There are 2 protein chains.
Amino acid sequence: MDETSFLAGYDPRKYAAVAVTVDVVALTIRDGRLCVLLVERGAQPFAGRRALPGGFVKDEPLGAAALRELAEETGLTPGAGELDRVHLEQLGSYGDPGRDPRMRVVSVAYLAFAPSLPEPTAGSDAARAYWVPVDEAKDLAFDHDTILADALERARGKLEYTPLATAFTGPEFTIGELRQVYAAVWGEDLHAGNFHRKVLSVPGFVESTGTTTARGGDRGGPKAKLYRAGDARLLHPALLRPVRDDRVG
Amino acid sequence: MDETSFLAGYDPRKYAAVAVTVDVVALTIRDGRLCVLLVERGAQPFAGRRALPGGFVKDEPLGAAALRELAEETGLTPGAGELDRVHLEQLGSYGDPGRDPRMRVVSVAYLAFAPSLPEPTAGSDAARAYWVPVDEAKDLAFDHDTILADALERARGKLEYTPLATAFTGPEFTIGELRQVYAAVWGEDLHAGNFHRKVLSVPGFVESTGTTTARGGDRGGPKAKLYRAGDARLLHPALLRPVRDDRVG
DNA sequence: GAAATAGTGTCTCTCAGACATTATCCA
DNA sequence: TGGATAATGTCTGAGAGACACTATTTC
């Protein structure tokens, strides 16, 4: 915005045919699997292909546009409490020439962590949207495969040093449920005993409600204590992913 | 980009008066202090105020636009090797309505780590650009204070788990020089002995050149061994910042 | 009773940080 | 010689991971 031509009063509307959109990578956990919200495209290009929900930015902040798109596609209403527990953060912008074959489009991608939301209802704007396990979300339209991959890597990292795993659960949860969130996002099983001790040892991660579940697990086991999210914004020390050998160094 | 009106062939040029720019937070270390490249604005709004270098996106990838702006402002030429060692990564996008009083501008901010570059030369496009210690970079134009703050936080974090500190040094460096990079970016002194042992213990962080400096330090001390950047892309284990009590938890 | 889960205890190894020590070099 | 820095050694406490174990609940 310091370009000389701009400062001289040049009107970019006359030449800058650049559109700005938001795309949302909304993640939730359904049946123990990490799922992403996708929409089915009805028109060219990429007709019939699946894509991330998104749309043009209106006269609103970028984050508000992302939340609006998410609300429209899920059929849920913002402000009515249904989306209050959704965590939203900016992922990055994607603007390579040619990523949209029609014109130059710069898309600001957002990442949303949501507790298990209902399946979008038919008959509404959201009729063409549905949740898809992330390992089945392939061959998306545009560069959405790349955006999704970046989103998953961001989500996996965020779980390490923030308490955002609680954004995937209900207001009250057991340590076992929290462990399943980590297992679903990271794609690996975690040792139950060590995880339990670790979570309780991080100050502010979770706080006890003093209550327990009504019954034990479906396949046996004692009633579990219930917790809610604590007030920590960062985990100290962090909950690091198991070390994998495919990392350099 | 899934908006119905768009799919119907609506031309956003007719209504979407949104400009896309890139802004660059270029960081380097001069005289042991972390500095950022700023330009002096010559026209309204914010005439006379300092701002981050930036400009309109042309028919190029976003990252290329950032590199081009950086080259223009520093007077260095990309492709001639002068900017090869610069690390560039996307920071995020800033697009609140009203952040530019003239029109809707969405700016994609980039973060650049550079070895000590020459002062931009007068007479060129870069005449109005200069390096400013980050703690003196206040009251910038637009929302650039926010962008700079986000950039510094990103940079501090990046040094923890990536070897990017070497992007601030020359091709060969001593452990002491590397420690000064960390000290400058983090704003705190680090224990020389522990830092030395830690750096050498992280696989792939640095590799020995087998040579030493020609002379010892200006104020005494033995000749130091020289190292170059290793092939690791992530540091395992990470080099964590000293724990500060002002963090939640 | 069998199986599964919640939760705790114990041991080992790694690592960060505090501190000490030796060697080397400049003024 | 004195001061500063490079590089290494030692000790301690925190924490991660492997494993074992008990208690509790469901089928």
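Because the structure is predicted, anything quoted here is derived from the model rather than measured.
When every heavy atom of B/Leu178 is checked against every heavy atom of B/Thr169, the shortest pair comes out as CD1-CG2, 4.4 Å. The shortest heavy-atom contact between B/Leu235 and B/Thr162 is CD1-O, 3.3 Å.
For DNA chain C, the residues of residues 212-229 of chain A within the heavy-atom distance limit of 4.0 Å (strictly under) are A/Arg219, A/Gly220, A/Gly221, A/Pro222, A/Ala224, A/Lys225, sorted by number. Contacts with DNA chain C (heavy atom under 4.0 Å) in residues 169-179 of chain B: none are found.
With sequence neighbours excluded, the residues forming a side chain to side chain donor-acceptor pair (under 3.5 Å) with B/Arg154 are B/Glu89, listed by chain and number. With sequence neighbours excluded, no residue satisfies side chain to side chain donor-acceptor pair (under 3.5 Å) with B/Thr146.
The side chain of B/His196 places an N or O atom within less than 4.0 Å of a non-bridging phosphate oxygen (OP1 or OP2) of D/dT8.
Nucleotides of DNA chain C nearest to A/Asn194 and B/Gly193 differ in position, and the one nearer the 5' end is that of A/Asn194.
Counting to the nearest Å, the P atom of C/dA4 and the CG atom of A/Asp189 are 14 Å from each other. If you measure from atom CG of B/Leu200 to atom P of D/dA6, you get 13 Å, rounded to the nearest angstrom. In this structure, CZ of A/Phe195 is placed 12 Å from P of D/dG17, rounded to the nearest angstrom. Across the protein-nucleic acid pair, B/His236 atom NE2 and C/dC13 atom P stand 23 Å apart, rounded to whole Å. Distance A/His191 NE2 to C/dT8 P: 14 Å, rounded to the nearest Å. Atom CG in B/Leu190 sits about 16 Å away from atom P in C/dC19, given to the nearest Å. Rounded to whole Å, the distance from CZ on B/Arg197 to P on D/dC11 is 13 Å.
Judged purely by distance below 3.5 Å, without hydrogens or angles, the side chains of A/Tyr94 and A/Asp23 never pair a donor atom with an acceptor atom. Residues B/Ser93 and A/Ser93 have side chains that bring a donor and an acceptor to within less than 3.5 angstrom of each other.
Legend: ring-ring contact (aromatic ring centres under 6.0 Å, His included) pairs involving residues 152-171 of chain A, not counting sequence neighbours, sorted by first then second residue: A/Phe113-A/Phe168. Applying the ring-ring contact (aromatic ring centres under 6.0 Å, His included) rule to pairs touching residues 193-230 of chain B yields B/Tyr182-B/Phe195, sequence neighbours excluded.
B/Glu136 places no side-chain N or O within 3.5 Å of a backbone atom of B/Pro133 that could act as its donor or acceptor partner.
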